[in-house]
Amino acid sequence: METQTWHDISVEWRTPTPADVTLSGAVWYLLHVSPQVPEAIAAVAALVMLRCIRRRRTSEIRR
């Protein structure tokens, strides 16, 4: 699948690779079983680890 870019917003959407999904699941599980970490933080950390949504700098867009 090709990268989709929105020109008004410097954001890209990419399909996560199997490695990204595995790492994201591991991070979620390790944070989920820790009693000190709230569930919302575990979920946000897992989403960040997926690396699906990437923000690009404006200077890269205007080349």
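Bear in mind the structure is a predicted one, so any value in this text is a computation, not a measurement.
- Distance check: L50 CG to T17 OG1 gives 9.0 Å after rounding to the nearest 0.5 Å.
- Taking each heavy atom of S24 and L47 in turn, the nearest pair found is OG-N, 4.4 Å.
- Taking Ile, Leu, Val, Met, Phe, Trp and Tyr as hydrophobic and joining them when side-chain heavy atoms fall under 4.5 Å apart, one finds V27 in a cluster with L23, L31, V37, I41, M49.
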